[in-house]
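Note sheet for the following structure.
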Amino acid sequence: MSPVIRTATVDDLDVLVPLFDAYRAFYERAPDPAGARAYLQARIAAADATVLIAGIDGRTVGFALMYPSWSSLAMAPVVHLSDLFVAPGSRARGAGRALIEACEAFGLRHGAVRLQLETHRTNTVAQALYTELGWELDEEFIGYTLPLTPDPGA
């Protein structure tokens with residue numbers, strides 16, 4: 001059965017929170033279901049992010065979380081695909097691909113000139129999927145971060 005993609009609401013938190021916490025664990029963050037619930041509930045309620053969820057056989061198996069942004073150089077909106085995760089037992093069934101394609105459609109509907117994302121250098125499985133779907137590795141710009149407070153998830 002093909003994955004079914006839809007926009008998450010606060011009513012989806014019970015199935016979304018364990019996936020979000022597993023995503024954070026993938027990036028070596030300590031479990032924090034209560035924090036994950038509060039974070040996701042706030043993002044969805046404030047409508048400052050869009051969360052898409054993927055279902056297969058009636059089970060929620062993955063999600064994508066996007067934030068609207070802007071490009072000063074393009075003078076146009078862009079969409080930042082911040083988080084993408086499919087539960088390990090449900091991978092290789094098309095959910096990741098379907099989520100990315102739904103993110104692309106979302107960006108086009110909202111007038112974005114591009115989607116952008118970052119992933120860990122060692123996440124080669126995801127990188128292969130991004131390349132296969134036409135994403136281009138940015139070899140022009142490099143990224144930096146400036147920690148302003150201690151990372152509570154580290």
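Numbers here simply count residues along the sequence, with the first being 1. None of the values given here were measured: they were computed from a predicted structure. The analysis underlying the following values was restricted to heavy atoms, covering all of them including side chains, and did not include hydrogens, waters or symmetry mates.
- Minimum interatomic distance between Tyr23 and Ser82 (heavy atoms only, all atoms of both residues): OH-O, 3.5 Å.
- For the atom pair Phe141 CZ and Leu73 CG, the distance stands at 6.0 Å (nearest 0.5 Å).
- The existence of a salt bridge linking Arg29 and Asp21 is excluded, since no basic side-chain nitrogen approaches an acidic carboxylate oxygen closer than 4.0 Å.
- Under a 4.0 Å N-O distance rule, the pair Arg24/Asp83 does not qualify as a salt bridge.
- With sequence neighbours excluded, no residue satisfies ring pair (Phe, Tyr, Trp, His ring centres under 6.0 Å) with His120.
- With values rounded to the nearest 0.5 angstrom, Arg121 atom CZ is found 9.0 Å from Gln127 atom CD.
- With a 6.0 Å radius and a threshold of 12 heavy atoms from other residues, nucleotides or ligands, Arg59 has its CZ atom at or below the threshold.
- Closest approach of Leu99 to Gly62, counting heavy atoms only: CD1-C, 3.9 Å.
- Proximity of Ser71 to Arg114: side-chain heavy atoms (C-beta onward) are separated by under 4.5 Å at one or more points.
- Between Ile100 and Trp135, the closest side-chain pair of non-hydrogen atoms falls below 4.5 Å.
- Using cut-offs of 30° and 60° on the angle between ring planes, the pair Phe85 and Phe63 is tilted.
- Of all the heavy atoms in Leu129 and Gly96, the pair that sits closest is CD2-C, 4.1 Å.
- No single ILVMFWY cluster, assembled from side-chain heavy atoms under 4.5 Å apart, contains both Leu52 and Leu16.
- Atom CZ of Arg97 is separated from atom OG of Ser2 by 12.0 Å, given to the nearest 0.5 angstrom.
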Output, in order, the C-alpha distance, side-chain angles, deciding distance and verdict of side chain to side chain contact (heavy atoms under 4.5 Å, CB included) for Glu104 and Val79.
CA-CA 9 Å; Glu104 180 181 350; Val79 174; over 6 Å; no
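- In this structure, CD on Gln116 lies 9.0 Å from CG on Asp138, to the nearest 0.5 angstrom.
- Contact between Ala49 and Tyr67 at its shortest, heavy atoms only, is CB-CE2, 3.5 Å.
- At a threshold of 4.5 Å between side-chain heavy atoms, the hydrophobic network of Ile, Leu, Val, Met, Phe, Trp and Tyr places Leu19 and Val10 in one connected group.
- To the nearest 0.5 angstrom, Leu81 atom CG is 9.5 Å from Glu118 atom CD.
- The hydrophobic cluster containing Leu115 also contains Leu133, counting ILVMFWY residues as joined when their side-chain heavy atoms lie under 4.5 angstrom apart, directly or transitively.
- Put simply, CD1 on Ile53 and CG on Asp12 are 4.0 Å apart, with the number rounded to the nearest 0.5 Å.
- Nearest heavy-atom pair across Arg91 and Val86 is NE-O, 2.7 Å.
- For residues 45-58, the pairs satisfying side-chain hydrogen bond (donor to acceptor under 3.5 Å, both in side chains) are Arg43-Asp48, Asp57-Arg93, with sequence neighbours left out.
- In the hydrophobic clustering of this structure, Ile44 does not group with Phe106; members are Ile, Leu, Val, Met, Phe, Trp, Tyr whose side-chain heavy atoms approach within less than 4.5 Å, directly or through other members.
- A pairwise comparison of heavy atoms in Ala126 and Thr119 identifies CB-OG1, 4.5 Å as the closest pair.
- Side-chain contact between Leu40 and Leu13: present, with at least one pair of heavy atoms (C-beta onward) separated by less than 4.5 Å.
- Side chains of Leu117 and Leu84 form no contact here, defined as non-hydrogen atoms less than 4.5 Å apart.
- Taking Ile, Leu, Val, Met, Phe, Trp and Tyr as hydrophobic and joining them when side-chain heavy atoms fall under 4.5 Å apart, one finds Val78 in a cluster with Val113.
- One hydrophobic cluster, built from ILVMFWY side chains closer than 4.5 Å, holds both Tyr27 and Val17.
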